[in-house]
Amino acid sequence: DEVKGKSRKRDIAQARQIAMYLTKKFTEDSLKQIGGAFGGRDHSTVIHSCTTVMNLMETDPQYKENVLDIERKIQMSI
């Protein structure tokens with residue numbers, strides 16, 4: 001519920017961005033569909049989230065490892 005909510009707290013916003021990034025990566029949903037699933041957000045918010053996650057992965061090794069760990073867990077469950 002918090003990830004879909006309006007909160008801009010850093011930890012919640014970051015979790016939301018990662019969730020949008022992973023949703024885009026592992027589904028064929030449109031940006032509009034992804035945004036809608038995350039509290040009715042606009043497609044541009046999804047693009048911004050994906051860009052932010054990719055940029056942080058390039059500059060922060062720990063952040064990158066955390067995201068890649070989540071990706072591995074998702075791939076194991078598919």
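All residue numbers in this chain count up from 1 along the given sequence.
- Between the NZ atom in Lys4 and the CG atom in Asp1 there is a gap of 7.5 Å [rounded to 0.5 Å].
- Contact detail for Val67 and Ile18: the closest heavy-atom pair is CG2-CD1, 4.1 Å.
- Within a 6.0 Å radius of CD in Glu2, no more than 12 heavy atoms belonging to other residues, nucleotides or ligands are found.
- Between the side chain of Arg16 and the main chain of Arg8, no donor-acceptor pair closer than 3.5 Å is present.
- To the nearest 0.5 Å, the span separating OG1 on Thr51 from OH on Tyr21 amounts to 11.0 Å.
- Atom NZ of Lys32 and atom OG of Ser44 lie 12.5 Å apart (nearest 0.5 Å).
- Interatomic distance, Gln17 CD to Leu22 CG, rounded to the nearest 0.5 Å: 12.0 Å.
- No donor-acceptor distance shorter than 3.5 angstrom exists from the side chain of Glu58 to the backbone of Asn55, with no hydrogens or angles considered.
- A donor-acceptor contact shorter than 3.5 Å is absent between the side chain of Ser7 and the backbone of Val3.
- The hydrophobic cluster containing Phe26 does not contain Phe38, counting ILVMFWY residues as joined when their side-chain heavy atoms lie under 4.5 angstrom apart, directly or transitively.
- Here the CG atom belonging to Leu31 is positioned 11.0 Å from the OG1 atom belonging to Thr23, to the nearest 0.5 angstrom.
- Here the options are Val46, Thr52, Thr45, the test is side-chain contact (heavy atoms from CB on, under 4.5 Å), and the partner is His48; only Thr52 passes.
- A chain of hydrophobic side-chain contacts below 4.5 Å, direct or via other Ile, Leu, Val, Met, Phe, Trp or Tyr residues, connects Leu56 to Ile70.
- Here the closest non-hydrogen pair linking Gln14 and Tyr63 is NE2-CE1, 3.6 Å.
- Contact of the Met57 side chain with the Leu68 side chain is registered, since non-hydrogen atoms from C-beta on lie closer than 4.5 Å.
- Between Met20 and Cys50 the shortest heavy-atom distance is O-SG, 4.2 Å.
- Note on Lys64 versus Glu71: no salt bridge recorded, every NZ/NE/NH1/NH2 to OD/OE distance being 4.0 Å or above.
- Note that CD of Gln33 is 10.5 Å distant from CD of Glu28, once rounded to the nearest 0.5 Å.
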